[in-house]
Each structure stands twice: as structure tokens, then as C-alpha cells.
Amino acid sequence: MRLVGLGDNVVDRYADLATMFPGGNAVNVAVYARRAGAETAYWGVTGDDAAGALVRGALAAEGVDVSRVRTEPGPNAWSEVRLKDGDRFFAGSDDGVSPFTLDAAGLDALAGYDLAHTAYSGSLIGQVPQIAARIRLSFDFSHRWREPWAAGLVPHLFLAAYSASQLGEQEAESLVREATASGARWALATRGGDGALLSDGHRLWRQPAVPCHVVDTLGAGDAFLGTLLPGLLRREDDPEQALRAAAEAAALACEAYGGFGHGAPIPTGSHQYISFDQRKLRKCSQQVGTQ
């Protein structure tokens, strides 16, 4: 069983810990699918800085194939993470060199895998129909299912995944049923401490959350999804075992910092930590100074 994560990668910077962790939806899903027994790869673009090296090294250490990862001059994507009672929120980010698209050769190479996964954050929204025409595709909408582009993607998907902790159970149930009615083979709504809902359009499974000591919720949904996908591929008609394993993986993810570990000190005085807005201001200042 072979799974490829496509698109986004990032380092999540925890200023209070002076530590950065590798992550990003496509990266996290590839790592957790590998831990669940699948053969996995990640395709995307990393920077030539310490953050990019951390992402590549962590993936290799986890046994994820990085042979098609490109390294470009410039800063790796990053996000600034803050925690409040263990729940994460983002206080800034920059895409760096990470925007990624598949050329014709890349699209053809997908035939060597059983399933691809990407997300709204991975710059491949416009290529979803092309990808899904070649391979089963999982797509993580997070909380962005009401975006104008979202509904048109659902009919192409093997699995549509949603972060629905802000919804009540009936609303979440309606969301996954609507997705399968629109053509998705499976639809998943993760709801944090309220568990998860999975539907194939005929049946609905409710998976309770596994109790844990929450340190950091970042990556928990990715852990759930990455662990679930190999199980769905192995036993599409009976997801209960895969759902239990996914809930356990999500609980373990909540008990440690970062998406899947591999923390490293945040470099100081490095160009990759100038925010996008700051770089724009600097460029504008330079332009004004030359006039």
C-alpha cells in the first residue's frame, strides 16, 4: 500500500519553547500513514535553510520517501504557534518557497501510488481534477468547506476531510452526508474532544475521542487522518478498527509538542524569520529610497 502526500510543508515555531517542529498537513499525513504501516512519500518544495533541512531530515528519519522533494533557494514555509490551555492557534506565517504544482511527469508518476493526499493549504486546489483522474485522492478542507471553490472538489474525492469542532453533532453529520451525496467515497469530520464522524453515504460511524493529557492539539487531526487512510484502503467496508487506531494516534499527538516530534532550536538572526509583511515593507522602503 503506497500513499503520497502532496503540497504543503512548514516548520511550526514555538517562541516560548525556542523550538521549531516540522509539519504541514501533507507532511503530517504522510508520516502518520507510514507509522500505520503504509509505504509513503512526500512531494513538495523546501527551503535551503535550517528549517527546510529539518523537514527533510525528519521525513527521512520517519521512513518517508523524499526523493521527489525539491529544495529551492530561500526560506522554508513557517508558522508561528501559540498555545492556550493546550489548544493551538497561529500568530503569523509565511509560505516561503513552498508553492508547488505538478507538471505532466509528476501527474503521470502518481500511477505508482494507491492514494494521494493534499489539502487546501497545499497550492494544488486547481489541480484536484487532474490528480483525481489518475489516483484516489484525499483532500483536507479543514474548516474551509464554504469557500467558493470547495463544493466543486468534492465529487472527485476518495475522502473529504473536515475540521468541524465548531459544529454540533447534527451539523457535522449533515456535513459528511452532504459530501458523500455529492460524490465523495468517504467523508470525515473530526471534532476535537467530541470525537469524529465518518460516512460512506449509507452508514455513519461515530468514534469517541480517546482521553489524554492535552499538551498541544497541533497535528491531532492530521494524525487521525493519516492513520485512518491506510485502514480505509485495506478494509473499505469495515472502518471501525481503523477509526479506533486513528483516535489513539490523535490522542498521542495531543500529548506532545509539534505535529510529530523532531523539534530543533529556532535559529536566530536568520532571513527566514522575516515575515511576508516585513519583507514587503522593506522592499517598498528600498524602492522609495531609489526614487
Side-chain angles (χ1 to χ4, degrees), residues 3-14 19-31 34 40-81 90 92-110 112-113 116-128 130-131 134-135 137 139-140 219 222 258-260 262-284 286-287:
L3 179 150
V4 57
L6 305 172
D8 63 319
N9 74 86
V10 71
V11 290
D12 295 306
R13 298 171 5 199
Y14 293 65
T19 303
M20 60 182 180
F21 294 88
N25 182 276
V27 164
N28 292 340
V29 167
V31 166
R34 179 73 182 112
T40 66
Y42 168 69
W43 298 0
V45 183
T46 57
D48 65 349
D49 54 5
L54 177 63
V55 172
R56 296 188 300 274
L59 284 166
E62 290 284 344
V64 177
D65 180 10
V66 293
S67 60
R68 293 184 70 98
V69 173
R70 292 202 322 268
T71 300
E72 298 285 353
N76 203 83
W78 58 264
S79 64
E80 200 78 38
V81 178
F90 297 105
S93 65
D94 189 273
D95 289 340
V97 299
S98 68
F100 171 76
T101 56
L102 289 166
D103 58 16
L107 288 166
D108 290 342
L110 291 172
Y113 293 87
H117 173 79
T118 193
Y120 80 93
S121 53
S123 72
L124 291 169
I125 290 171
Q127 290 193 286
V128 163
Q130 292 173 287
I131 297 168
R134 292 164 169 80
I135 187 173
L137 179 63
F139 189 95
D140 194 331
D222 298 345
F260 58 97
H262 300 274
I266 299 174
T268 57
S270 181
H271 70 278
Q272 68 264 35
Y273 299 109
I274 301 172
S275 73
F276 178 70
D277 287 340
Q278 287 174 312
R279 290 205 304 271
K280 286 197 297 184
L281 287 170
R282 178 175 294 181
K283 183 176 180 182
C284 289
Q286 291 170 343
Q287 289 172 341

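The chain is numbered in sequence order, starting from 1.
Going from atom CD of Gln130 over to atom CG of Leu137 covers 12.0 Å, rounded to the nearest 0.5 Å. Distance CG/Leu107 to CZ/Arg134: 4.5 Å, rounded to 0.5 Å. For the atom pair Asp103 CG and Asp108 CG, the distance stands at 9.0 Å (nearest 0.5 Å). One finds the CG atom of Asp48 at 8.0 Å from the CZ atom of Arg56 (value rounded to the nearest 0.5 Å). The distance from atom CG of Leu6 to atom CD1 of Ile135, rounded to the nearest 0.5 Å, is 7.5 Å.
Taking each heavy atom of Arg68 and Ala109 in turn, the nearest pair found is NH1-CB, 4.0 Å. When all heavy atoms are compared, the tightest approach of His262 to Pro22 is O-CD, 3.4 Å. Closest approach of Pro265 and Met20 over heavy atoms only: O-CE, 3.8 Å. Of all the heavy atoms in Val45 and Asn9, the pair that sits closest is O-ND2, 2.7 Å. Asp95 and Pro99 get closest at one heavy-atom pair: O-CD, 4.0 Å. When all heavy atoms of Tyr14 and Gly258 are compared, the pair lying nearest together is OH-N, 3.3 Å.
Using a distance-only test at 3.5 Å, with no hydrogens or angles considered, a donor-acceptor pair links the side chain of Tyr42 to the main chain of Gly7. Side-chain atoms of Asn76 come within 3.5 Å of backbone N or O of Gly47 as a donor-acceptor pair. No donor-acceptor pair closer than 3.5 Å links the side chain of Arg34 to the backbone N or O of Thr40. Judged by distance alone, the side chain of Asp8 and the main-chain N or O of Ala26 form a donor-acceptor pair under 3.5 Å.
Partners of Tyr120 by ring-ring contact (aromatic ring centres under 6.0 Å, His included), not counting sequence neighbours: none found. Residues passing the side chain to side chain contact (heavy atoms under 4.5 Å, CB included) test with Ser123 are Phe100, sequence neighbours excluded.
In this structure, the side chains of Leu102 and Trp43 come closer than 4.5 Å at one or more pairs of heavy atoms.
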For this session: Test Phe139 against Thr118 for side chain to side chain contact (heavy atoms under 4.5 Å, CB included), laying out the working first.
Result: CA-CA 5 Å; Phe139 189 95; Thr118 193; 3.6 Å; yes
For this session: Please step through side chain to side chain contact (heavy atoms under 4.5 Å, CB included) for the pair Val66 and Thr46, ending with a clear verdict.
Result: CA-CA 11 Å; Val66 293; Thr46 57; over 6 Å; no
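A side-chain donor-acceptor contact under 3.5 Å links Asn25 and Asp222.
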